[in-house]
> 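Would you mind keeping the following structure in view while I ask a few things?
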Amino acid sequence: MSIQAVLESKVKEAVFSIFNTELPSVEFQPTRKDFEGDITVVVFPMLRVLKGNPVQIGNQIGEYLVNELAEVTSFNVIKGFLNLVISESFYLNFFHTIKDQTDFGFVADSDPGAVMVEYSSPNTNKPLHLGHIRNNLLGYSVSEILKAAGKKVYKTQIINDRGIHICKSMLAWQKFGKGETPENTGLKGDKLVGNYYVAFDKAYKAEIAKLVESGVDKEVAEKEAPLLLEAQQMLLKWEAGDEEIVTLWKTMNSWVYDGFEQTYKDLGVDFDNLYYESNTYLLGKDFVAEGLKNEVFFKKDDGSVWIDLTDEGLDEKIVLRSDGTAVYMTQDIGTAIQRVKDYPDVKGMVYTVGNEQDYHFKVLFLILKKLGFSWSKNLHHLSYGMVDLPSGKMKSREGTVVDADDLMEEMTATAAKISEELGKLEDYSDSEKHGLYKMIGLGALKYYILKVDPKKRILFNPEESVDFQGNTGPFIQYTYARIQSILRKASTTNVNLSMALDHALELHPKEKELIKQIQIFPDTIQLAAENFSPALIANYTYDLVKEFNSFYQQVSILGETDEQKKVLRIQLSKKVSEVIESAFKLLGIEVPERM
RNA sequence: GGUGGCAUAGCUCAGCUGGAUAGAGCACCUGCCUUCUAAGCAGGCGGUCCUAGGUUCGAAUCCUAGUGCCAUCACCA
């Protein structure tokens with residue numbers, strides 16, 4: 001039982017015994033640093049059921065707790081705050097019970113239901129950029145957090161491999177490509193295809209300009225430019241299964257997949273299965289037909305099918321075009337249902353998609369609910385803010401994107417530069433160094449992105465490099481490396497780490513603080529899972545690390561002459577490093593032995 | 001215009017279901033490497049928590065109205 005649970009029932013008991021009143025709940029908070037104490041009971045809320053002076057009430061409860069609980073050694077009351085000092089032996093005992101738990105903070109797979117987390121969802125006409133990086137890091141991290149909180153997770157991705165966008169790249173390649181391939185150009189496949197997407201846009205814009213010059217209205221020109229018409233023709237051919245088009249489509253998509261695979265690998269994310277839009281875009285029509293029968297949907301005179309969500313404060317939304325073809329909503333309905341068919345243990349889904357699609361998902365979830373799927377109540381849109389540049393939105397067609405591969409490379413280069421200047425790794429081989437630089441560079445990038453609340457937008461300035469000091473990934477990695485250094489040294493001495501420690505051992509205040517911080521790791525994981533927020537893990541880890549560095553500065557570990565204290569400090573350091581490693585694993589960040 | 005999100009130090013961000021004097025990092029200033037890694041530690045400077053009302057013993061947090069930025073409201077995806 002946690003100390004808080006013990007305190008809660010004792011405080012209730014105290015109030016009942018002193019005032020003969022039932023207390024519905026007790027409010028706790030960590031004691032502020034400037035006061036003596038570890039846990040604070042807030043007396044004010046009790047005034048609703050108890051009449052009296054908060055200071056007096058606090059004192060009476062404090063007396064009671066000190067007398068009744070060995071864990072509470074003393075107390076003080078300031079205004080309406082009852083500050084309790086918890087005994088050192090309590091923290092010491094707690095530490096002993098968890099110090100050898102390798103999975104401390106993680107809950108074993110306890111829930112029979114699984115959750116499917118979708119992230120990435122790229123289009124196959126261009127390379128991944130910084131926006132995808134945020135999406136990928138969030139989706140991956142939330143998946144790991146959910147697993148740590150005891151859920152079974154399937155990581156998935158829907159690849160938007162069909163549609164007008166890829167036809168544009170295909171058409172441009174046919175017209176201007178001169179047989180270029182990744183092999184004969186040495187270009188990464190996704191980059192090559194992306195170049196043709198840009199080439200299409202350029203040629204298309206030129207056509208529009210020409211048409212406008214010859215007197216055509218701009219809007220008409222945009223719709224009737226020959227290149228666009230040709231791309232639309234190509235899409236129709238693709239849908240009809242035209243062999244030449246399908247072959248070209250397969251070829252160019254395979255180039256892109258090779259490129260994506262490389263990027264995902266560098267980024268350190270993975271998937272348990274993949275869905276392709278070319279397989280799912282026809283799904284959903286059956287369910288629309290069924291929903292029409294059940295009057296979830298209604299048909300307009302022109303034959304189009306809609307759902308009326310005005311009762312929910314939303315609008316009417318189309319689910320099938322008048323020509324009977326699907327819209328995005330149609331296939332999203334179908335795909336969701338298909339996923340549960342494919343994985344019958346799936347009881348919920350998380351969609352990692354930017355907040356520009358908030359409305360879409362609100363509607364999707366409502367439709368699935370109205371269609372009567374039990375799992376529809378466990379659908380969550382992990383909606384995140386856009387990553388913007390100082391110049392505004394990133395636009396692929398205009399070339400104002402921060403490319404994912406380039407960015408990772410730059411981060412690695414920055415890490416290398418800083419590391420070389422510090423010169424602590426002279427004895428590392430070049431490949432060892434490079435591996436480390438990548439680990440640090442990516443650590444900086446991932447932490448930078450994940451420490452921000454997902455729903456907030458991120459302003460990314462490519463001119464200003466991501467920090468490597470302060471509240472950053474490298475700072476935390478550095479602390480981990482420092483601890484490893486101590487542990488290496490300790491292992492060469494004859495210190496007995498498994499030595500039994502005296503339960504009455506005196507704790508240094510910094511040691512107590514560290515144990516307190518370690519203690520809340522499990523709760524932090526649960527909270528992060530409930531909120532789908534890696535930022536909570538990141539900020540927790542930073543607090544832990546800051547506390548450790550302060551401890552490290554003030555207290556000698558290996559230099560301690562008292563053997564008992566020395567062992568405790570080494571064990572404590574070791575545990576801190578394990579928690580750092582676990583927490584960073586949840587963020588998809590690796591930790592180094594040295595740096 | 002309707003709907004949703006966001007607004008906290010010069011900059012980037014924390015602030016859990018309302019609680020004590022609103023916290024970090026960067027930047028700037030001052031100390032600390034002959035002792036376990038200075039990517040560190042200790043300290044200083046810096047605030048109209050967007051504005052105005054309201055609820056409450058108590059509001060950055062909840063409610064109302066307004067302002068600003070972003071998104072969305074297509075037989076686009």
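Below, read A as the first sequence line, B as the second, and so on, with proteins coming before strands; counting in each chain starts at 1. The figures here come from the full heavy-atom set of this structure, side chains too, leaving out hydrogens, waters and symmetry mates. The structure displayed is predicted, hence computed values, not measured ones.
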> Is a donor-acceptor pair below 3.5 Å formed from side chain S419(A) to base A39(B), judging by atom type as modelled?
yes
> Among the nucleotides A38(B), U21(B), G19(B), which one has an atom lying closest to any side-chain atom of D34(A)?
U21(B)
> Under 4.0 Å: is that the gap between some side-chain N or O of R457(A) and OP1 or OP2 of U12(B)?
no
> Considering all heavy atoms of both residues, which atom of I318(A) and which atom of M329(A) are nearest to each other, and what is their separation?
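Looking at all heavy atoms of both residues, the closest pair is O-CB, 4.2 Å.
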> Cation-pi between R134(A) and Y384(A): NZ/CZ under 6.0 Å from ring centre and within 45° of the ring axis?
no
> How far, in whole Å, is A7(B) from U12(B) if one measures between their P atoms?
13 Å
> Do F365(A) and H381(A) have their ring centres less than 6.0 Å from each other?
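No: the rings miss the under 6.0 Å criterion.
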> For C70(B) and K456(A) - does any side-chain N or O of the residue sit under 4.0 Å from the phosphate oxygens OP1/OP2?
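No, outside the criterion.
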> A22(B) and C50(B): how far apart are their P atoms, nearest whole angstrom?
15 Å
> Under 4.0 Å, counting only non-hydrogen atoms across every strand here, what does Q554(A) touch: a base, just sugar-phosphate, or nothing?
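Result for Q554(A) = nothing.
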> At what distance, to the nearest 0.5 angstrom, does NZ of K438(A) lie from CD of E590(A)?
8.5 Å
> Please state the C1' separation for the pair U64(B) and C70(B) - nearest whole angstrom.
23 Å
> Could you state the atom-to-atom distance from CG of N76(A) to P of A20(B) in whole Å?
16 Å
> Choose from A39(B), U37(B), C57(B) the nucleotide whose nearest atom is closest to any side-chain atom of L422(A).
A39(B)
> Could you check T479(A) against V42(A) and say which one's nearest nucleotide on RNA chain B is further toward the 5' end?
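The answer here is V42(A).
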> Of the nucleotides A20(B), A24(B), A14(B), which one has an atom closest to the side chain of Y542(A)?
A24(B)
> For the side chain of Y552(A), counting heavy atoms from C-beta on, which of A20(B), U37(B), C16(B) is nearest?
U37(B)
> In whole Å, measure the gap between the P atoms of U34(B) and G25(B) for me.
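Taking atom P in both U34(B) and G25(B), they lie 25 Å apart.
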> Under 4.0 Å, heavy atoms only, any strand: does F44(A) hit a base, just the sugar-phosphate, or nothing?
base
> What's the gap between U61(B) and G18(B) when it is taken at their C1' atoms, as a whole Å value?
6 Å
> Is there a ring pair (Phe, Tyr, Trp, His ring centres under 6.0 Å) between Y276(A) and W249(A) once you walk through the steps?
CA-CA 13 Å; Y276(A) 293 91; W249(A) 172 76; 8.8 Å; no
> What nucleic acid atoms does M386(A) come within less than 4.0 Å of, heavy atoms only: base, sugar-phosphate, or nothing?
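Nothing, no nucleic acid heavy atom in range.
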> Ignoring hydrogens and angles, answer whether the base of G58(B) and the side-chain atoms of R48(A) contain a donor-acceptor pair closer than 3.5 Å.
yes
> Would you classify Y359(A) as touching base, sugar-phosphate or nothing, given that sugar-phosphate means primed atoms plus P, OP1 and OP2, and contacts are heavy atoms under 4.0 Å?
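It contacts sugar-phosphate atoms only.
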> Side chain of S550(A): nearest nucleotide among G5(B), G19(B), A42(B)?
A42(B)
> How should the glycosidic conformation of C33(B) be described, syn or anti, under the criterion that syn lies within 90° of 0?
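With its glycosidic angle within 90° of zero, C33(B) counts as syn.
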> Does N83(A) get its side chain close enough to the base of A20(B), under 3.5 Å, for a donor-acceptor pair?
yes
> Below 4.0 angstrom from OP1 or OP2 of A39(B), is there any side-chain N or O of R482(A)?
no
> Does the ring of W306(A) carry K299(A) above it, NZ/CZ under 6.0 angstrom from centre and within 45° of its axis?
no
> Choose from A39(B), U72(B), A20(B) the nucleotide whose nearest atom is closest to any side-chain atom of F468(A).
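Out of A39(B), U72(B), A20(B), the nucleotide with an atom closest to F468(A)'s side chain is A39(B).
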> May I ask you to verify if any side-chain N or O of S485(A) is less than 4.0 angstrom from the OP1 or OP2 atom of U37(B)?
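Yes, because at least one side-chain N or O of S485(A) sits under 4.0 Å from OP1 or OP2 of U37(B).
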> If you assign each of V327(A) and Y448(A) to its closest nucleotide in RNA chain B, which residue comes earlier from the 5' end?
Y448(A)
> Identify which nucleotide among G19(B), U37(B), G58(B) has an atom closest to any side-chain atom of P45(A), counting heavy atoms from C-beta outward.
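Shortest atom-to-atom distance from the side chain points to G19(B).
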> On a whole-Å scale, what distance lies between the P atoms belonging to A74(B) and C16(B)?
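Comparing P positions in A74(B) and C16(B) gives a spacing of 36 Å.
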> Sticking with atom C1', work out how far G10(B) lies from A71(B), rounded to a whole angstrom.
28 Å
> With a non-hydrogen cut-off below 4.0 angstrom, is L47(A) in contact with a base, only sugar-phosphate, or nothing?
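If one applies the 4.0 Å heavy-atom cut-off, L47(A) turns out to touch nothing in the nucleic acid.
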> Within the 4.0 Å heavy-atom criterion, would you say I440(A) contacts the bases, only the backbone, or no part of the nucleic acid?
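Base, at least one base atom sits under 4.0 Å.
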> Ring centres under 6.0 Å, that's the criterion: do F475(A) and Y478(A) meet it?
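Not under 6.0 Å, so no.
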> Between K424(A) and A39(B), is there a contact of a side-chain N or O with OP1 or OP2 at under 4.0 Å?
yes
> Using the six-membered ring wherever Trp is involved, compare the ring planes of F44(A) and F81(A) and label them parallel, tilted or perpendicular (cut-offs 30° and 60°).
perpendicular
> Please state whether the base of A20(B) and the side chain of T40(A) form at least one donor-acceptor pair under 3.5 Å?
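Checked by distance alone, the answer is yes.
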> Between A9(B) and U51(B), how far apart are the P atoms? Round to whole Å, please.
11 Å
